[in-house]
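Here is the structure we will look at, set down as structure tokens.
Please read these numbers as outputs of a predicted model, since none were measured by experiment. In each ligand, atom 1 is the first atom listed, and ligand 1 is the first ligand listed.
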Amino acid sequence: MAVIALCDVNAMFASCAALEDPSLRGKPLLVAGDPGDRRSIVLTASYEARAFGVRTAMPVAMALRLCPGASIVAPDHDLYRRYSRRLFDCLQEFTPIVAPVSIDEAFLDLTGCPGISAGPQALGEQIRARVLSAIGLTVCVGLAPGRWLAKMAADLAKRREGGVLHLLGEDMPREIWPLPVEAFYGVGPKTAERLHALGIRTIGEIAQSDAIARLGHHGEELRRLAQGEDPSRVEAEGAAKSVSHELTFGSDIARPEELRGVLLSLCDQVAYRLRRSGLRAGSVTLRLRSSRFQTFTRQAPLPAPAQRADALFARALELLPRMPKAAFPARLAGIAAGALSEASADAPSLFPDPETERRERLADAVTALRARYGEAAVLPAETLGSAAEESYDRRRHGTSFGKPGRRQEPRDEP
Ligand SMILES: [Mg+2]
């Protein structure tokens, strides 16, 4: 049977700060956007601060009323990225199939890996001990036959002594069924509302109620998951697969704000290839090459695996201000989608809210039009007049797009 694990670092930001500065260890610690500003919000609190009732997203002033002795530090994303790389390297000692979900979280496929002979629970405990001794970070580990349930197991593990939980189909009635539907991974407020309207309030009722059939295909999928059947698997990041697209400009681009249209176009083209390949991206990388041929890259995980251009573009726009001044004037821009997973197996595709559903349908329609009439048949309005507009026309610019009217498999760059 497959063994999938989700490893999630506890209080990542606060833990990294305490590892760097021993004087902060074992003490209440807040990471806040602007430590000098009491209206600023708590991004993470150490467990010592949480014991006082401090929670994420609480204003600093309120946190200090609950826990007057807390130290406050500013976030340091370079630091978190360094620890994140060490974490993923450490996890790869156990299996080559590690798929980062965010900076402090990754799915592992432990099926058939050498350590599994000890049993999933024991291997989960080994992973936790290894990450703690090698890096100093505490992770909770949820193990299950699939990703979906591994996520549920990790949520339970977080609240258990020992921080490791192996969840099997037969454990579902005891561990998961009493929980409200809102606690089910992938069930958002809209779906919860639809379930409530059917009289379904707990995950156990999803598993057992006949009414779930009224939600059609999605209802069936959710019912099977609630019954403990989880076919979702993990795709290795180690395969280093990415889908990317880049463009060299006719004349250098001097200012970041002039790149908007170009980035949208690149994201649009990458998204189109993801969609045709049935893949979703877990991260976005922005690459710029300056007129002096220096190359700069910035990368960020996506909040959820994504396939649509608007999700990639939103992240790319956040990466742009993180580029150094030396990246301009820019002669080339590139967008790469990484941490790829199969679209069908991803939780967020289930029960999308109406706006997501609308965007998905639109993206499907655009994909169909392009497959038939060529990539330039439909263009995002904002790319018009940008340096990227002509990149859709392969006859002029040799992009990796197929010729109009003919399908071509996307070429993935290593
Ligand atoms: Mg975490």
Side-chain angles (χ1 to χ4, degrees), residues 4-20 24-26 28-33 41-51 53-58 63 73-92 94 98-108 110 124-125 127-144 147-167 182-186 234 237 282-283 299-305 315 339 341 346-348:
I4 307 299
L6 179 67
C7 297
D8 184 0
V9 177
N10 297 342
M12 171 84 167
F13 294 0
S15 303
C16 292
L19 284 168
E20 288 298 296
L24 299 172
R25 266 177 228 172
L29 174 64
L30 315 177
V31 180
I41 275 172
V42 174
L43 300 173
T44 316
S46 69
Y47 279 77
E48 292 80 3
R50 290 180 199 191
V54 175
R55 296 286 174 265
T56 298
M58 191 178 265
V73 297
D76 178 349
H77 292 283
D78 286 333
L79 177 70
Y80 311 145
R81 271 190 291 277
R82 283 204 301 280
Y83 275 96
S84 182
R85 268 194 296 273
R86 290 177 60 195
L87 169 70
F88 298 143
D89 285 349
C90 185
L91 296 177
Q92 282 196 325
F94 294 90
V98 175
V101 189
S102 68
I103 196 155
D104 73 334
E105 226 178 302
F107 282 112
L108 279 64
L110 298 169
E125 284 161 11
I127 293 172
R128 179 174 157 103
R130 174 77 185 128
V131 173
L132 183 62
S133 67
I135 310 175
L137 292 172
T138 305
V139 289
C140 66
V141 185
L143 303 110
R147 275 194 300 173
W148 194 289
L149 296 181
K151 173 76 178 160
M152 297 297 296
D155 287 346
L156 292 173
K158 212 167 280 181
R159 290 186 287 274
R160 299 277 161 98
E161 183 105 10
V164 179
L165 186 90
H166 182 215
L167 186 68
E182 289 84 351
F184 210 19
Y185 181 38
V234 183
E237 220 215 359
S283 72
Q299 191 193 48
L302 287 160
R315 219 21 151 213
S341 57
D346 277 304

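- For Ala150 against Ile4, the heavy-atom pair with the smallest separation is CB-O, 3.6 Å.
- Looking at Lys151 and Glu105, a side-chain N of the basic residue comes within less than 4.0 Å of a carboxylate O on the acidic one, giving a salt bridge.
- Taking the Mg ion (ligand 1) as reference, the nearest N/O/S atom within Asp8 carries the name OD1.
- With respect to the Mg ion (ligand 1), Asp104 has OD2 as its nearest N, O or S atom.
- Look at Asp78 and Arg81 and you find a salt bridge, because one of the NZ, NE, NH1 or NH2 atoms lies within 4.0 Å of a carboxylate O, short of that distance.
- In summary, Ala11 places no N/O/S atom under 2.8 Å from the Mg ion (ligand 1), failing the contact criterion.
- At a cut-off of 2.8 Å, Glu105 does not coordinate the Mg ion (ligand 1) through any N, O or S atom.
- Note that OG of Ser46 and CG of Leu24 are 9.0 Å apart. Values are rounded to the nearest 0.5 Å.
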